[in-house]
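Let me begin by presenting the structure, written as structure tokens, before commenting on it.
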Amino acid sequence: MGKRSVKRRLKAGEFNSGHYKSEEDKVQALFPGTHWSPDDKEPMRDQRFIKKVKPRSPGQEKLMKAIDLQNLILALGPAGTGKTYLAVAKGVEALEKGEVSRIVLSRPAVEAGESIGFLPGAMEEKLAPYLRPLYDALADRLSPKKLKAMMAEGVIEIAPIGYMRGRTLNNAFVVVDEAQNCTYVQLKMLLTRLGWNSTMVITGDPAQSDLLPEMSGLAEIANKMEDLENISVCRLEAKDIVRHPLVATMLTVL
């Protein structure tokens, strides 16, 4: 406010100078309860995630150990057993330790029983609704700022299943989610993309396929892989469900 404007308002009796005498009493904390200030060495602008993921069931413990020891893991189980979350969490952990140079996420673009038509935008924008569960798991392990930067740099890559043929994924942590919606041929193609110094985790629930029963290839692939050495097939059960308790109850009758 300029000096002339203040003088004019004072003469007119519109300016209440007493209103500005107790400004300190009106100051409120920007982030209540955090004791944050701009002078802190580590400001609260980019949240740091230091919590470690721990298994909450024997099945989850087996899956986490398998990811640490094997390069190819198939995680099969009902909804809510933490298959996707644990796979993504392990991928972020491997990336931060320098064990891999990138994370590759892939998921079939199959609607759950209804078609929503064509989606506008580039490839990443078209796939965003299908990859939302993977984004949620990543956002829980990385801050939004860091996640956005890694995706922009290609450290975290979105790889549509339709464009995976011919690729060799070296030094990467690959997560293929909702694999029950992949055909046998698609899964065969995905499994053979595994390159040197890479880990691939295939997750899915054969009982919740959005394809025709005879088209899904996950159960058949898992049965054949179970007898091979250096490949781990983890079958999670209802007792491994860590979602709402009603989920486990419902799955006993559904």
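Basis for what follows: all heavy atoms, side chains included, without hydrogens, waters or symmetry-related copies.
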### Message
Is there a continuous path of hydrophobic side-chain contacts, each under 4.5 Å between heavy atoms, that joins Phe173 to Leu191?
### Response
no
### Task
State, without any angle test, whether Ser57 and Asp240 hold a side-chain donor-acceptor pair at a distance under 3.5 Å.
yes
### Query
If you look at every heavy atom in Ile202 and Ala179, which pair is closest and at what distance?
CG2-CB, 3.4 Å
### Task
Would you check if the side chain of Gln180 reaches a backbone N or O of Asp205 as a donor-acceptor pair within less than 3.5 Å?
yes
### Query
Shared ILVMFWY cluster between Leu134 and Ile103, side chains joined below 4.5 angstrom?
yes
### Task
Find out if a path of hydrophobic residues (ILVMFWY) with successive side-chain heavy-atom gaps under 4.5 Å connects Met225 to Ile67.
no
### Task
Show the numbers, then the answer: is there a side-chain hydrogen bond (donor to acceptor under 3.5 Å, both in side chains) between Tyr85 and Lys90?
CA-CA 8 Å; Tyr85 184 85; Lys90 279 293 185 180; over 6 Å; no
### Message
Assess whether a salt bridge exists between Lys54 and Glu61, defined as any Lys/Arg side-chain N lying under 4.0 Å from an Asp/Glu carboxylate O.
### Response
no
### Message
Once rounded to the nearest 0.5 Å, what's the spacing between atom CZ of Arg235 and atom NZ of Lys62?
### Response
9.0 Å
#### Entry: Heavy-atom closest contact (Asn171 atom, Val100 atom, distance)
OD1-CA, 3.4 Å
### Message
Let me confirm one number: the CG-CG distance from Leu72 to Asn230, rounded to the nearest 0.5 Å.
### Response
10.0 Å
## Note on the structure
Heavy-atom closest pair (Pro78 atom, Ala238 atom, distance to 0.1 Å) is CG-N, 4.1 Å
### Message
For Leu138 versus Ile156, what's the shortest heavy-atom pair and its separation?
### Response
CD1-CG2, 4.0 Å
### Query
When rounded to the nearest 0.5 angstrom, what is the spacing between NZ in Lys146 and CZ in Arg141?
11.0 Å
### Query
Looking at CG of Leu194 and OG1 of Thr168, how far apart are the two atoms once the value is rounded to the nearest 0.5 Å?
9.5 Å
### Message
If I compare all heavy atoms of Cys182 with all of Ile161, which pair ends up nearest, and what's the gap?
### Response
SG-CD1, 3.5 Å
### Query
For the hydrophobic clusters of this structure (ILVMFWY residues joined by side-chain heavy atoms under 4.5 Å, transitively), does one cluster hold both Leu76 and Ile73?
no
### Query
If you measure from the Lys or Arg side-chain nitrogens to the Asp or Glu carboxylate oxygens, is any gap between Arg167 and Glu157 under 4.0 Å?
yes
### Message
Please find the pair of heavy atoms, one from Gly217 and one from Leu187, that lie closest to each other, and give the distance.
### Response
C-CD1, 3.6 Å
### Task
Kindly compute the distance separating OH (Tyr135) from CG (Leu105), expressed to the nearest 0.5 Å.
7.5 Å
